[in-house]
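Below is one structure. I have some questions about it.
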There are 2 protein chains.
Amino acid sequence: MSVFQVLLVAATHGNEINAPWLFDQWEANNDLIDVQDLQVSRVIGNPQALLEGQRYIDRDLNRSFKSDFLDSSDINDVEIVRARELVREYGPEGSNPSQLVIDFHSTTASMGACIVIYGRRPADLAIASLIQQNLEIPIYLHEGDSAQTGFLVESWPCGFVVEIGPVPQGVIHHQIIEKTLLLVENCLLEISNTIKRKACFPNKVEIHRHVQNIDYPRDCFGKPTSYIHKEIQGKDWKNISRNTPIFRNLKGDILRLDNYSNEDELVPVFVNEAAYAEKNIAMSLTKKEVWDFDPNWQESLYKILKTDNFV
Amino acid sequence: MSVFQVLLVAATHGNEINAPWLFDQWEANNDLIDVQDLQVSRVIGNPQALLEGQRYIDRDLNRSFKSDFLDSSDINDVEIVRARELVREYGPEGSNPSQLVIDFHSTTASMGACIVIYGRRPADLAIASLIQQNLEIPIYLHEGDSAQTGFLVESWPCGFVVEIGPVPQGVIHHQIIEKTLLLVENCLLEISNTIKRKACFPNKVEIHRHVQNIDYPRDCFGKPTSYIHKEIQGKDWKNISRNTPIFRNLKGDILRLDNYSNEDELVPVFVNEAAYAEKNIAMSLTKKEVWDFDPNWQESLYKILKTDNFV
């Protein structure tokens with residue numbers, strides 16, 4: 001029976017320092033987390049940015065895994081070089097290969113703990129469903145957003161982001177560490193259960209499907225002219241309706257959801273995330289949906305986890 | 001009757017963006033804040049850092065007002081050049097002079113709104129006492145800390161910092177804006193009342209006197225090996241005793257207050273402020289004291305406000 005290797009990444013953004021702390025804690029105490037029967041590789045995504053306490057040096061590492069960046073050797077931005085390195089070493093065909101990656105992030109938004117998946121890859125949906133069933137946490141399905149591409153996890157056959165907040169950038173907070181630890185343990189447990197064909201997949205999964213991003217209203221110089229209205233600040237994952245105030249501008253005027261959408265009910269996420277202002281995202285709007293669990297997802301996950309080799 | 005000029009500074013740190021927002025809001029609506037009968041100059045402390053969304057470019061502007069920096073023209077760091085400019089223009093003998101400055105900051109620590117004064121300048125104590133009496137907010141007396149000098153307000157005859165949190169760096173939050181506005185209004189009101197000799201000074205003032213800073217325990221490379229214990233995270237202004245846990249290290253061991261101090265009771269402030277890790281400050285410890293209001297403070301403030309010219 002061969003051993004399945006899981007790749008855990010921390011500090012893909014150098015100012016999100018709780019997951020790297022947990023890695024250090026784990027290094028100091030090997031028994032901190034039960035890795036089940038798995039081989040676990042822990043890697044710091046952007047060590048240079050972590051050292052500098054910045055999100056990135058030249059560009060966002062978590063938008064740098066685009067095939068034209070990875071395939072070319074022309075661009076030598078710190079993060080593109082690093083993306084190539086990570087794929088070369090830990091990618092599915094790397095020198096120390098993994099088929100499954102979990103990328104640990106934190107946010108200034110009041111998101112609690114959640115899972116982010118990119119597109120509708122069946123294996124991602126399968127593993128996310130298992131974790132949601134255990135921990136009752138939301139799944140944010142990011143899709144159809146052509147301005148945001150090149151995410152790290154997309155370079156692995158299966159992978160997802162764990163996003164935990166709220167915490168300021170550059171701050172270690174006991175609650176964020178504890179939640180990160182809980183997620184690591186649970187993810188490893190469910191992967192191990194799946195490999196042993198002992199995972200109990202749910203019948204339904206609750207998805208928060210990405211619908212659109214909303215930017216801060218800005219003046220002709222690009223400077224925001226509104227801030228997040230108090231009715232929606234900190235209200236990630238809460239239903240909002242057409243009449244819900246979204247922004248308050250310099251004059252005190254209010255913009256409401258119906259200025260942006262014809263939907264009757266949506267759910268905001270990443271509300272006021274500090275790092276997204278430069279990406280022209282004040283929040284993302286999602287639609288909460290309950291999907292039937294598709295047996296093909298499970299088969300796809302089995303295939304990637306090569307469970308035939310293990311059972 | 002001549003007009004007294006008050007200097008208000010925002011974004012002395014470029015990633016503390018709520019006070020600059022309030023300035024923009026005020027610019028868009030002149031009636032937003034009642035300036036009483038005062039002349040108010042609003043200035044952005046570090047415009048270049050604000051544009052970059054960073055605390056500073058070359059060094060902390062709010063540690064750059066040291067006489068050897070201000071008097072020399074050898075050092076041309078962005079912030080030292082800016083400190084000289086600010087004093088030359090708005091200083092007590094500047095081209096557009098003020099005798100009183102208020103410097104608006106925000107913090108990632110759970111400080112609420114408070115006033116910080118530097119040393120025991122009588123006029124600062126007088127005006128801070130008035131504001132405390134009105135708003136029931138704490139006064140942090142920073143003194144005896146030779147590693148932290150060169151604060152902006154020290155270049156004016158009277159001046160103090162307004163510090164408001166918690167808010168992540170680079171995030172505008174409605175509560176922080178509202179509290180900043182309340183403080184601006186109240187400060188101007190009390191200055192105006194004092195000039196008109198209508199201020200009603202209290203008999204007592206409650207001071208949180210700086211006792212010491214505590215750094216994160218670190219390894220030989222300077223990397224923190226402990227985080228703020230959950231018993232003290234977010235507990236700014238709350239009494240702690242010798243047995244209170246302060247840090248938890250990588251192995252799970254706990255350091256308590258009595259590892260740092262022989263005092264029976266102290267009060268932490270700036271707990272886990274993101275920007276202070278690089279200054280080797282995990283928190284500051286203060287002693288809460290109630291002082292009798294000294295009539296000399298009032299006289300000193302009257303003198304600086306030149307109330308004889310106004311009454």
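All values below were derived from every heavy atom in this structure, side-chain atoms included, with hydrogens, water molecules and symmetry-related copies excluded. First the proteins, then the strands, lettered A, B, ... as listed; each starts at 1.
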Ranked by heavy-atom pairs below 4.5 Å to chain B, first place among A:A274, A:G234, A:P166 goes to A:A274
Suppose the criterion is salt bridge (charged side-chain N to carboxylate O under 4.0 Å, His left out): which pairs have a residue in residues 105-114 of chain B, not counting sequence neighbours?
none
Taking side chain as everything from C-beta outward and backbone as N, CA, C, O, which of these in B:I177 sits under 4.5 Å from a heavy atom of chain A? Side chain, backbone, both or neither.
side chain
I need the residue from B:A275, B:G252, B:P168 with the largest number of non-hydrogen atom pairs under 4.5 Å to chain A.
B:P168
Compile the donor-acceptor pairs, distance criterion under 3.5 Å only, formed between chain B and chain A.
{"from": "B:D24", "atom 1": "OD2", "to": "A:K223", "atom 2": "NZ", "distance (Å)": "2.8"}
{"from": "B:A28", "atom 1": "O", "to": "A:K251", "atom 2": "NZ", "distance (Å)": "2.9"}
{"from": "B:I172", "atom 1": "O", "to": "A:N272", "atom 2": "ND2", "distance (Å)": "2.8"}
{"from": "B:K223", "atom 1": "NZ", "to": "A:D24", "atom 2": "OD2", "distance (Å)": "2.8"}
{"from": "B:K251", "atom 1": "NZ", "to": "A:A28", "atom 2": "O", "distance (Å)": "2.9"}
{"from": "B:N272", "atom 1": "ND2", "to": "A:I172", "atom 2": "O", "distance (Å)": "2.8"}

